[in-house]
Amino acid sequence: MTIKPLHDNVILDPIKADKATKSGILLPDTVEKGQPEQGLVIAVGSGKILDSGVLAELTVKVGDKVMFKKYSPDEVEVDGKTYLVISESDILAVL
């Protein structure tokens, strides 16, 4: 089964943060609480319909690595895999 997001929604494959630094120091779970999350864009919707009726295309595209707030997306499970559904306006940056 495939997921096709509607309007300005984006489907992300979550990227888990490392539990250790490059030098090998293990980080406690409390460090992750305030940090933005990251994900890989796997599908995008057709765009957002503006008040004028014009369709504005999304700026993110499939394959982009993005950063977003921790509690912004909704989790969905498809074929045993967890994906995130988020509005493009909740994406903070493309990495």
Requested in this report: Search all heavy atoms of V41 against all heavy atoms of V10 and return the closest pair with its distance.
Outcome: CG1-CG1, 3.8 Å

Report task. Working to the nearest 0.5 Å, report the span between CD1 of I3 and CG of L6. Result -> 11.5 Å

Report task. Using the rule that two of Ile, Leu, Val, Met, Phe, Trp, Tyr join whenever any of their side-chain heavy atoms come within less than 4.5 Å, decide whether I42 and V76 are in one cluster. Result -> yes

Report task. With K81 as the cation and Y83 as the aromatic partner, state whether NZ or CZ is under 6.0 Å from the six-membered ring centre and within 45° of the axis. Result -> yes

Report summary line: Shortest non-hydrogen pair, F68 vs G39, comes out as CE2-N, 3.7 Å

Report summary line: Between D13 and T82, the two heavy atoms sitting closest are OD1-O, 4.4 Å

Report task. Could you pull out the closest heavy-atom pair between L12 and P14, with the gap in Å? Result -> O-CD, 3.6 Å

Which atom pairs, donor and acceptor, lie under 3.5 Å between side-chain atoms of residues 84-95 and protein residues at least two apart or in another chain?
{"unit_1": "S87", "atom_1": "OG", "unit_2": "D8", "atom_2": "OD2", "d": "3.1"}
{"unit_1": "S87", "atom_1": "OG", "unit_2": "S89", "atom_2": "OG", "d": "3.2"}
{"unit_1": "E88", "atom_1": "OE2", "unit_2": "T59", "atom_2": "N", "d": "2.6"}
{"unit_1": "E88", "atom_1": "OE2", "unit_2": "T59", "atom_2": "OG1", "d": "2.7"}
{"unit_1": "E88", "atom_1": "OE2", "unit_2": "V60", "atom_2": "N", "d": "3.1"}

**Report entry** Heavy-atom check, side chain of K65 versus side chain of Q38, under 4.5 Å
**Finding:** yes

Query raised in the report: Is the side chain of K4 donor-acceptor paired with the backbone N or O of V44 at a distance under 3.5 Å, no angle test?
Result: yes

Query raised in the report: Side-chain heavy atoms under 4.5 angstrom apart, residues restricted to Ile, Leu, Val, Met, Phe, Trp, Tyr: same cluster for V62 and V66?
Result: no

Report summary line: Heavy-atom nearest pair, K69 first then P73, reads O-CD, 3.6 Å

